[in-house]
Amino acid sequence: MHIRYPVYYESFHCVAGNCEDTCCAGWEIDIDDKSYEYYKNVPGDFGKRLRDNIQKYQDEENTAYESHGFILKKDRRCPFLNQEGLCDLYIELGEEALCDVCTDTPRNFFEYGGEREISISASCPEAARLIYGKKEPHVFVTRMEEGELDVVESGEEMAFAWRIREARDRAVRILQNREFSITERVAQFLHFSEEVQNCLNDNEAERIKDIGEEQPGVVCHHRGEGDKRYQFYLGRMLIFSELNSFREDWQEMLVLMQNRYVSAADGAATYASDSKEWQEFLLTEEREYEYEHLLVYYAFMCLARCVDDYDFLGKAKLCIVSYLMVRDMDMAWYMERGGYTREDRLRMVRIYAREVEHSEDNLDFLAEAFLFEDVYRPENLLLSL
């Protein structure tokens, strides 16, 4: 089978107890059915410990991803995560005993159009170091690997998937075109995504190949004035403050941004002046490439998933809004601390990824907001840049 991934994935490995964070705290840990059947029959004291720490999800609508999961401790840590940051289940039973979510995390797998695509989540510190480790544009690798795909597709499904992959790859090229600023590239990406969505709405995916790549400067000439940008910032903050929260560091960032830009009497003026200073810092330090990497990271991971729901524009909005939120988090942190280090970059993308990427509830909430909330209309996203 063909597999495709960003080239930095080849360098990824879990650093286990040496990691400054952990994948084993902050969200539910689901147990796949095969692992659950195995855990039911593990003998001895450890088998009893396993079963004492497994719960059956109460889901009357049968919408849970899995039927069972581990009972988390009060601090939302996995019951098998020891004080050294290592997994007792792994130590006792070996790697092959880990359930799917523990084996795969922080990897994301998606199969469509005869290929398996793999990405790694920036919620993992080691993955984030690879994603943001170099200034050069991300390169993607396609190679053959033994095995078969789990998804069986009809000829019609394959043809549609190829069109979507073509659209996604063109979107990545737009975002990586360094002849233009990040703002111009995001504007062009949004315009392109609208055109792709029009093709899908008309049930004419074959038209995607004919979409022109308009000059970014043309579609970005009406960037928002300060007052409009600030009002759309308030709209984003209102919606993101309603997400399910999993970590204290997310709440701390919301409070920091609230205090600086919302609660303060001069919040609008502060937001405008901070935006200007932050942009000057990015250009002076030659760090605008980090936002390119962030956008490409989300584009590769998210856009192709519209083969399931035909919502290419919604996935594009997630990419853009993720950029806008991380940008605002960065700016507030920079102004508060008087500087912005490489470790700050990794921390901000990790905080955001943990809050958004790993919660189906939050992703569903945002997807609905992208459809119906005025702040996320394409013309208003343009004015937010």
Side-chain angles (χ1 to χ4, degrees), residues 21-30 57 59 61 63-65 69 72 74-77 101 105-106 108 119 121-125 127-128 229-263 267 271 291 294-295 297-299 301-303 305 309 311 313-333 345-377 380-381 384:
D21 206 333
T22 177
C23 296
C24 308
W27 50 66
E28 300 292 338
I29 302 175
D30 298 332
Y57 293 138
D59 182 29
E61 297 181 2
T63 59
Y65 180 69
L72 302 182
K74 290 183 179 180
D75 56 1
R76 297 186 62 82
R77 288 167 64 91
V101 68
T105 303
N108 300 297
S119 58
S121 174
S123 62
C124 165
R229 294 183 74 233
Y230 179 67
Q231 291 303 316
F232 294 135
Y233 162 77
L234 294 178
R236 291 196 303 276
M237 284 294 293
L238 179 63
I239 292 169
F240 270 80
S241 67
E242 296 179 18
L243 298 182
N244 294 330
S245 180
F246 303 100
R247 301 266 295 222
E248 289 184 4
D249 48 13
W250 170 256
Q251 285 298 322
E252 290 169 357
M253 283 306 307
L254 291 183
V255 170
L256 172 61
M257 297 162 75
Q258 170 84 16
N259 290 342
R260 188 169 184 87
Y261 302 126
V262 182
S263 301
Y271 184 79
Y291 288 141
L294 184 147
L295 285 156
Y297 160 79
Y298 279 111
M301 182 168 59
C302 299
L303 291 180
R305 294 178 183 270
D309 61 12
D311 188 15
L313 182 58
K315 308 297 185 293
K317 288 180 180 180
L318 178 61
C319 301
I320 295 170
V321 172
S322 296
Y323 156 67
L324 293 173
M325 283 298 298
V326 172
R327 182 195 67 183
D328 289 340
M329 291 165 61
D330 293 342
M331 180 174 70
W333 188 258
R345 157 58 55 234
L346 303 183
R347 183 171 184 267
M348 291 301 113
V349 296
R350 185 163 76 247
I351 290 172
Y352 181 84
R354 280 182 170 273
E355 180 68 16
V356 175
E357 292 176 31
H358 296 277
S359 170
E360 289 297 327
D361 287 341
N362 284 347
L363 287 171
D364 289 344
F365 178 85
L366 288 174
E368 184 171 357
F370 296 156
L371 284 172
F372 300 111
E373 295 293 338
D374 184 71
V375 67
Y376 296 129
R377 292 170 58 186
N380 291 338
L381 285 177
S384 301

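Every value quoted in this text rests on a predicted model; they were computed, and no experiment measured them. Index from 1, following the sequence.
Between atom CE of residue M301 and atom SG of residue C319 there is a gap of 8.0 Å, rounded to the nearest 0.5 Å. Taking OH from Y291 and CG from L324, the interatomic distance works out to 10.0 Å, rounded to the nearest 0.5 Å. Rounded to the nearest 0.5 Å, atoms OH (Y376) and CG (L318) are 10.0 Å apart. The OH atom of Y271 sits 5.0 Å away from the CZ atom of R229 when rounded to the nearest 0.5 Å. For the atom pair CD of E373 and CG of L238, the computed distance is 8.0 Å after rounding to the nearest 0.5 Å. The CZ atom of R350 lies 9.0 Å from the CE atom of M348; values are rounded to the nearest 0.5 Å.
Salt-bridge annotation for R327 and D330: absent, with no side-chain N of the basic residue lying under 4.0 Å from a carboxylate O of the acidic one. With respect to the salt-bridge test (charged N to carboxylate O, under 4.0 angstrom), the residues D328 and R236 qualify.
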Please walk me through it: do F365 and I239 pass side-chain contact (heavy atoms from CB on, under 4.5 Å)? CA-CA 9 Å; F365 178 85; I239 292 169; 3.7 Å; yes
Give the C-alpha distance, both sets of side-chain angles, the deciding distance and a yes or no for side-chain contact (heavy atoms from CB on, under 4.5 Å) between F240 and L366. CA-CA 8 Å; F240 270 80; L366 288 174; 3.9 Å; yes
Chi angles and distances behind the side-chain contact (heavy atoms from CB on, under 4.5 Å) call for Y57, D30: CA-CA 9 Å; Y57 293 138; D30 298 332; 2.5 Å; yes
Output, in order, the C-alpha distance, side-chain angles, deciding distance and verdict of side-chain contact (heavy atoms from CB on, under 4.5 Å) for K315 and D309. CA-CA 10 Å; K315 308 297 185 293; D309 61 12; 2.6 Å; yes
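No side-chain heavy atom of Q258 sits under 4.5 Å from any side-chain heavy atom of L254. In this structure the side chain of V349 never reaches within 4.5 angstrom of the side chain of Y297, judged on heavy atoms. In this structure, the side chains of M325 and V356 stay at 4.5 Å or more apart for every pair of heavy atoms. Side chains of F370 and D311 form no contact here, defined as non-hydrogen atoms less than 4.5 Å apart. Within the 4.5 Å cutoff, the side chain of M257 has heavy atoms near those of the M329 side chain. Counting heavy atoms from C-beta outward, Y233 and V262 have side chains that approach closer than 4.5 Å. Between I351 and R247 the shortest side-chain heavy-atom distance does not fall below 4.5 Å.
Looking at every heavy atom in both residues, Y261 comes nearest to L234 through O-CD2, 4.5 Å.
The main-chain N or O of I320 is never found under 3.5 Å from a side-chain atom of Y298 such that the two would form a donor-acceptor pair. Judged by distance alone, the side chain of N380 and the main-chain N or O of V375 form no donor-acceptor pair under 3.5 Å.
More than 12 heavy atoms of other shown residues, nucleotides or ligands fall within 6.0 angstrom of atom CD in E242.
When each of S123, S121, S322 is tested with E357 by the rule side chain to side chain donor-acceptor pair (under 3.5 Å), just one qualifies, namely S121.
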